[in-house]
Amino acid sequence: MSSLIPPRSLIRDTGRAIGDFRMIHDGDRILLGLSGGKDSLTLLHLLLYFQQRAPVRFEIGAVTIDPQTGLTDKRALIPYLQSLGVPYAYVSEPILARAEQHLDNRSYCSFCSRMRRGLIYRTAREQNYNVIALGQHLDDLAESFLMSAFHGGRLKTMKAHYLIEAGDLRVIRPLVYARERRISDFARKAGLPVMEENCPTRYGKPTQRPHMKALLAREEQENPGLFKSLIRTLTPLMSVGLDDVPEPPGDPRPSPRTESPWNP
């Protein structure tokens, strides 16, 4: 099976983000955190697209962390990754059981997130990857920004590209300019093997994030340019940590944006 070609809009937004935040360097070995959701599967095909056309050479692998909830068997992703020729690690750990032993229900999300991230880092180190790619998109960053401002009293969102505290791995989010609805459209039309997140707490009471998503949707109906404005607002926040990322030899920062070789 050959990789699918994503729509021009997603290619453009992803290429801009990769160029603006200097995400991919020559010789990088990138490990994609593949949940099986629409976002990470779409990012997989975008990375494969750029791998064939990018101004630098880089390798791609993927890892899925199975928290052993018993609700969804994500081993169905194994033959799909094999068909694409992408090296794949499937890591199964009893994250849910550990959470049930030590935490109340409201703590599951943060505990599971920390555990998954640690297992992704471990896999990257064991298999010689130096970059972790994650699939959060612009809508995710906007929701996180509002949650942090409304409930945490801080101006903060997810970072686009940063060096982890240990200093040995970089984390990139190439979809930070991409809208969720475009990702959903591509995943549906392309027939990607999307698997719902297997979290038993998702059917509980509403969380802050759906509320923020609904708030943004209502505001966008009145202000169609909302997310263009939000990109300008969020860029300094998503750039936090970028200055700590070492510059690759012979790869100066592109300026202005239109000169970036990643812009299609």
Side-chain angles (χ1 to χ4, degrees), residues 1-6 10-11 14 17-18 23-24 28-52 58-96 109 112-137 139-141 158 160-161 164 169-176 178 180 182-199 202:
M1 180 191 298
S2 61
S3 63
L4 301 165
I5 297 180
L10 282 176
I11 292 171
T14 305
I18 292 172
M23 292 184 181
I24 299 179
D28 277 346
R29 300 194 73 240
I30 301 173
L31 182 66
L32 169 64
L34 190 69
S35 68
K38 67 184 188 312
D39 306 328
S40 58
L41 282 166
T42 296
L43 180 54
L44 170 65
H45 285 282
L46 283 160
L47 290 174
L48 289 171
Y49 173 88
F50 280 109
Q51 187 182 41
Q52 299 300 315
F58 63 94
E59 298 178 41
I60 303 168
V63 59
T64 294
I65 307 300
D66 178 3
Q68 298 183 11
T69 64
L71 296 180
T72 306
D73 185 359
K74 294 191 177 181
R75 287 179 177 82
L77 292 169
I78 295 174
Y80 185 71
L81 271 291
Q82 288 176 339
S83 71
L84 294 171
V86 175
Y88 184 50
Y90 189 91
V91 180
S92 182
E93 293 281 344
I95 295 174
L96 179 62
C109 289
C112 184
S113 178
R114 289 195 304 272
M115 290 290 293
R116 285 176 189 245
R117 189 66 59 87
L119 291 167
I120 291 174
Y121 291 172
R122 186 186 75 184
T123 303
R125 289 168 177 139
E126 289 174 349
Q127 300 191 13
N128 249 355
Y129 292 94
N130 67 312
V131 180
I132 306 294
L134 302 176
Q136 287 88 5
H137 45 67
D139 295 63
D140 288 327
L141 269 68
M158 302 174 196
H161 182 191
I164 70 168
L169 298 170
R170 302 187 344 255
V171 176
I172 62 174
R173 292 185 169 99
L175 298 180
V176 291
E180 182 176 21
R182 289 177 176 167
I183 293 170
S184 297
D185 287 346
F186 169 64
R188 184 181 66 256
K189 292 175 182 177
L192 299 185
V194 174
M195 306 183 75
E196 292 294 332
E197 184 57 54
N198 54 352
C199 176
R202 66 170 293 165

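Here, residue 1 is the first one in the sequence, and each next residue gets the next number. Keep in mind that this is a model prediction, so the values were computed, not measured.
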Taking all non-hydrogen atoms of both residues into account, name the closest pair between [X] and [Y] and its distance.
X     : Y     : answer
Ser35 : Ser40 : N-OG, 3.2 Å
Ala62 : Val86 : N-CG1, 4.1 Å
Tyr88 : Leu34 : CE1-CD2, 4.1 Å

When rounded to the nearest 0.5 angstrom, what distance separates [atom1] in [X] from [atom2] in [Y]?
X      : Y     : atom1 : atom2 : value
Leu32  : Leu44 : CG    : CG    : 6.0 Å
Leu47  : Thr42 : CG    : OG1   : 11.0 Å
Met195 : Leu77 : CE    : CG    : 5.5 Å

Taking only residues two or more places apart in sequence, or in another chain, which ones meet [X] in a side chain to side chain donor-acceptor pair (under 3.5 Å)?
X      : value
Ser92  : Gln68
Tyr121 : none
Thr123 : none
Glu180 : Lys38, Lys213

Output all residues satisfying side-chain contact (heavy atoms from CB on, under 4.5 Å) with [X], sequence neighbours left out; order by chain, then residue number.
X      : value
Ala190 : Leu4, Phe186, Leu192
Arg188 : Asp185
Pro79  : Gln82
Ala160 : Phe21, Met23, Val176, Met238

Please check: side-chain N/O of Ser83 versus main-chain N/O of Tyr80, any donor-acceptor pairing under 3.5 Å?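 Answer holds: yes.
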Side-chain heavy atoms of Val91 within contact of Arg122, under 4.5 Å: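 They are in contact (side-chain heavy atoms under 4.5 Å apart), so the answer is yes.
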Evaluate the side-chain proximity of Arg173 to Met158: yes if any heavy-atom separation is below 4.5 Å, no if none is.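 Heavy-atom side-chain distance check passes, below 4.5 Å.
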I'd like to check the salt bridge (charged side-chain N to carboxylate O under 4.0 Å, His left out) partners of Asp140; sequence neighbours left out, ordered by chain and number.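 Result, salt bridge (charged side-chain N to carboxylate O under 4.0 Å, His left out) vs Asp140: none returned.
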Side-chain donor/acceptor pairs under 3.5 Å, residues 126-135, sequence neighbours excluded:
{"unit_1": "Asn130", "atom_1": "OD1", "unit_2": "Arg29", "atom_2": "N", "d": "2.7"}
{"unit_1": "Asn130", "atom_1": "ND2", "unit_2": "Asp28", "atom_2": "OD1", "d": "3.0"}

